[in-house]
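Remarks on the structure that follows.
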Amino acid sequence: MSVMPDPFETSIASLLRFIGESRRMAGFTGAGISTESGVPDFRSPGSPWMQNKPIPFGLFLENPAARREAWRRKFTMDDLYRDARPTRGHAALASLVAGGRMTAVITQNIDNLHQASGLRDDEVIELHGNGSYATCLSCDRRHELADIRLAFEASGEPPVCKSCGGIVKSATISFGQAMPQAKLRAALTLSLESDLFLVIGSSLVVHPAASLPSLAKENGARLVIVNREPTPLDGQADLVIAGEIGPVLSRIASEL
Ligand code: NAD
C-alpha cells in the first residue's frame, strides 16, 4: 500500500532544498510574522488597526487636533502590545541571517521585533518606519516615546522638537507620507541581488513594498511565499506554503 506524501513535509523539503542551493537569500516580512506574539495583523477580521479612519500625513501636519488624536491612538495601541516579544518566526530569520544564509530582512512591520530578535539595524530594512521611537519632521532628531508620553499626558499638547521646535511624529510612515527613499533603494538592491526571495506573512497588497517579490522573481530569484491566506503573487511563486509561519520557520531553522 502506498503512503500519501505529507504536504507539510513535502513543502519543508522543497524549501530546504532551495535554501541549500541559494547563495543570496533575502527575507521579506509583513504583519503575519508578528501575530504569534499577540500583535494583530492589518487585514485579518477584527483588526484594531482598522477601527479608526487613518489620519493622513497632510492632516497631521496642518492640524494640531489631528496630531493630538494621532498621539492618543499611538499610546493606546502601544499599551495593548507593550509585552509583545519576537516569535519563533523572528528567531528563525535571525538565525538564518546569523548563519550567513540570509543577507537581510526587508520588513513592512513597524514593531521593532526583528531587532528584538537579534538582528542589527543594518540587517533590517524597514520600509514603513519604526513605531518604537519618534523623530522631528524638520531636523530628524530622535525623540523617545516615554518622554513624549509624560509631557503629552501632563499638558495634552502634541510634542514639538526640543532642538528646533519642529513637529514630532512617531517614526512610522503614514498614509500620504513619502516612503524613505534610501531604504527603498536598499530593498530594491537586495531584492534584485537575491537568488531566493522568502516572503513571510504578508497579504502582498501594499505597494510599492509588494512589488519587490515580483522584481526579484523577474530578475531570476526563486520566490517562496509562506502565508496562511492566498496572495496575489501566489501564481508567480516557485513554492507557496499556505500554513502557519511559526511551525514552518522553526522547523527550517532546526534543520539547518
Ligand atoms: P496584512 O495584515 O495585510 O497581511 C498579513 C498576512 O499574514 C495575512 O494574509 C494573514 O493571513 C497572514 N498571517 C497572519 N498571521 C499568520 C500566521 N501566524 N501564519 C501565516 N500567515 C499569517 O499585513 P502586511 O502585508 O504586512 O500589510 C499591512 C501593513 O500594516 C504594513 O504596511 C505594515 O506596516 C502595517 N502593520 C504592521 C504591523 C506590525 O508591525 N506588526 C501590524 C499591523 C499592520
Side-chain angles (χ1 to χ4, degrees), residues 7-8 11-12 15 27-57 73-74 76-93 105-117 119 124-133 145 169-180 183-184 187 197-214 224-234 237 239-252:
F8 179 80
S11 297
I12 295 288
L15 182 49
F28 176 94
T29 61
I33 197 171
S34 298
T35 55
E36 218 177 60
S37 72
V39 183
D41 65 24
F42 196 64
R43 287 182 179 73
S44 293
S47 161
W49 310 101
M50 297 284 215
Q51 273 169 15
N52 293 303
K53 196 163 164 252
I55 297 170
F57 186 56
R73 288 184 194 176
K74 163 80 182 142
T76 303
M77 292 300 273
D78 281 0
D79 282 350
L80 292 179
Y81 311 121
R82 171 203 317 270
D83 297 327
R85 296 288 174 268
T87 63
R88 293 178 284 174
H90 292 101
L93 293 186
V105 176
I106 301 164
T107 190
Q108 301 170 88
N109 295 344
I110 56 165
D111 55 25
N112 203 49
L113 290 179
H114 283 300
Q115 289 91 332
S117 74
L119 291 186
V124 187
I125 302 172
E126 293 174 318
L127 293 178
H128 297 161
N130 186 312
S132 69
Y133 59 95
L145 295 180
K169 181 178 175 294
S170 164
T172 52
I173 306 298
S174 298
F175 287 97
Q177 186 173 2
M179 297 278 289
K183 305 265 182 190
L184 203 51
F197 195 92
L198 183 58
V199 174
I200 310 286
S202 175
S203 58
L204 294 177
V205 297
V206 180
H207 287 268
S211 313
L212 295 171
S214 301
V224 175
I225 299 175
V226 183
N227 204 63
R228 65 159 80 113
E229 288 176 315
T231 80
L233 300 190
D234 286 1
L239 175 66
V240 176
I241 306 183
E244 291 299 301
I245 293 161
V248 171
L249 287 195
S250 51
R251 174 71 185 281
I252 292 296

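Atoms within a ligand are numbered from 1 in the order they appear, just like the ligands themselves. If you're wondering where the values come from, they're calculated on a predicted model, not measured in any experiment.
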Practice task
Consider ligand 1: state whether an atom of it lies below 4.0 angstrom from any non-hydrogen atom of E244.
Solution key: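 Checking ligand 1 against E244, which is what was asked, there is a heavy-atom contact under 4.0 Å.
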Exercise for the section: Consider ligand 1: state whether an atom of it lies below 4.0 angstrom from any non-hydrogen atom of A210. Expected result: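 It does not, in that no heavy atom of A210 comes within the 4.0 Å cut-off of ligand 1.
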Can you measure from [atom1] ([X]) to [atom2] ([Y]) and round to the nearest 0.5 angstrom?
{"X": "H128", "Y": "M179", "atom1": "NE2", "atom2": "CE", "answer": "4.0 Å"}
{"X": "N109", "Y": "I200", "atom1": "CG", "atom2": "CD1", "answer": "11.5 Å"}
{"X": "Y81", "Y": "D111", "atom1": "OH", "atom2": "CG", "answer": "11.5 Å"}
{"X": "K74", "Y": "D79", "atom1": "NZ", "atom2": "CG", "answer": "10.0 Å"}

Looking at non-hydrogen atoms alone, which of [options] comes nearest to [atom]?
{"atom": "atom 3 (O) of ligand 1", "options": "S37, S203, G131", "answer": "S203"}
{"atom": "atom 16 (C) of ligand 1", "options": "H128, R228, E229", "answer": "R228"}
{"atom": "atom 41 (N) of ligand 1", "options": "T172, T29, T107, D111", "answer": "D111"}

Suppose I only count heavy atoms of [X] and a 4.0 Å limit; which atoms of ligand 1 are within that range?
{"X": "T35", "answer": "14 (C), 15 (N), 16 (C), 17 (C), 18 (N)"}
{"X": "G30", "answer": "26 (O)"}
{"X": "S34", "answer": "41 (N)"}
{"X": "G243", "answer": "19 (N), 20 (C)"}
{"X": "V206", "answer": "27 (O)"}
{"X": "G201", "answer": "5 (C), 6 (C), 7 (O)"}

Is it the side chain, the backbone, both or neither of [X] that has a heavy atom closer than 4.0 Å to ligand 1?
{"X": "A31", "result": "both"}
{"X": "V39", "result": "side chain"}
{"X": "I110", "result": "both"}

Practice task
Could you tell me whether the side chain of N130 and the main chain of S132 form a donor-acceptor pair under 3.5 Å?
Solution key: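 At least one qualifying donor-acceptor pair exists.
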Practice task
Spell out, as yes or no, whether a donor-acceptor pair under 3.5 Å connects the side chain of D41 to the backbone of A31.
Solution key: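 It does not hold such a pair.
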Problem - N-O pairing of R82 and D78 below 4.0 Å - result: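 Here R82 does not pair with D78 in a salt bridge, since their nearest N and O are not under 4.0 Å apart.
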Problem - S174/K169 under side chain to side chain donor-acceptor pair (under 3.5 Å): CA gap, chis, key distance, verdict - result: CA-CA 10 Å; S174 298; K169 181 178 175 294; 3.0 Å; yes
Practice task
Taking salt bridge (charged side-chain N to carboxylate O under 4.0 Å, His left out) as the test, write out the residues that go with R85, two or more places apart.
Solution key: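 Not a single residue meets the salt bridge (charged side-chain N to carboxylate O under 4.0 Å, His left out) criterion with R85.
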Handout entry: Geometric N/O contact P40 with ligand 1, under 3.5 angstrom
Key =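 By distance alone, the answer is no.
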Exercise for the section: Say whether I245, considering both its backbone and side-chain N or O atoms, lies within less than 3.5 Å of an N or O atom on ligand 1. Expected result: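 It does: an N or O of I245 is found under 3.5 Å from an N or O of ligand 1.
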Practice task
Would you check if there is a donor-acceptor pair between the side chains of T87 and H90 at a distance under 3.5 Å?
Solution key: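 Yes.
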